[in-house]
Amino acid sequence: MNSAGLLRTGDARRLHVDEWDAILDLNLRAPFLCAKEAAGRMTSGGLIVNITDVGARKSWSRFPAYSVSKAGLEA
């Protein structure tokens with residue numbers, strides 16, 4: 001099960017690319033890498049669960065990278 005999340009407030013116009021990358025790395029890339037590794041070890045089936053929240057479906061203007069990362073994870 002995965003529910004990691006980095007939530008930093010900030011206007012998209014002022015959000016530094018390093019902050020964007022850090023948020024997407026933890027909230028979207030890390031679950032992908034963990035799921036990829038887990039899937040390789042699940043020889044007889046299993047289930048991978050990623051947990052998101054309302055930020056995946058409702059764009060929060062103060063948390064643009066968070067919303068994008070959780071929407072990507074849910075998709």
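Reckoned from all heavy atoms, side chains included, excluding hydrogens, waters and symmetry mates. This structure is a prediction, so every number in the text was calculated from the model and none was measured.
- Judged as a salt bridge (Lys or Arg N to Asp or Glu O under 4.0 Å), the pairs with a partner in residues 47-64 (not counting sequence neighbours) are, in order, Arg57-Glu74.
- Within the structure, ring pair (Phe, Tyr, Trp, His ring centres under 6.0 Å) pairs that include any residue of residues 2-37 do not occur (at least two apart or interchain).
- Sorted by first and then second residue, the pairs that involve residues 31-40 and meet salt bridge (Lys or Arg N to Asp or Glu O under 4.0 Å), not counting sequence neighbours, are Glu37-Arg41.
- Remark: Ile48 CD1 to Asn50 CG distance equals 7.5 Å, nearest 0.5 Å.
- Listed by first then second residue, pairs satisfying salt bridge (Lys or Arg N to Asp or Glu O under 4.0 Å) with a partner in residues 14-24 read Asp11-Arg14, not counting sequence neighbours.
- Pairing each heavy atom of Leu7 with each of Trp60, the nearest pair is CD1-CZ3, 4.5 Å.
- Note on residues 23-32: pairs passing side chain to side chain donor-acceptor pair (under 3.5 Å), not counting sequence neighbours, are Asn27-Ser69.
- Exactly one residue among Leu15, Thr9, Val68 makes a side chain to side chain contact (heavy atoms under 4.5 Å, CB included) with Phe63. That residue is Thr9.
- Here the straight-line distance linking atom CD1 of Ile51 with atom CG of Leu73 works out to 10.0 Å at 0.5 Å rounding.
- Legend: salt bridge (Lys or Arg N to Asp or Glu O under 4.0 Å) pairs involving residues 63-72, not counting sequence neighbours: none detected.
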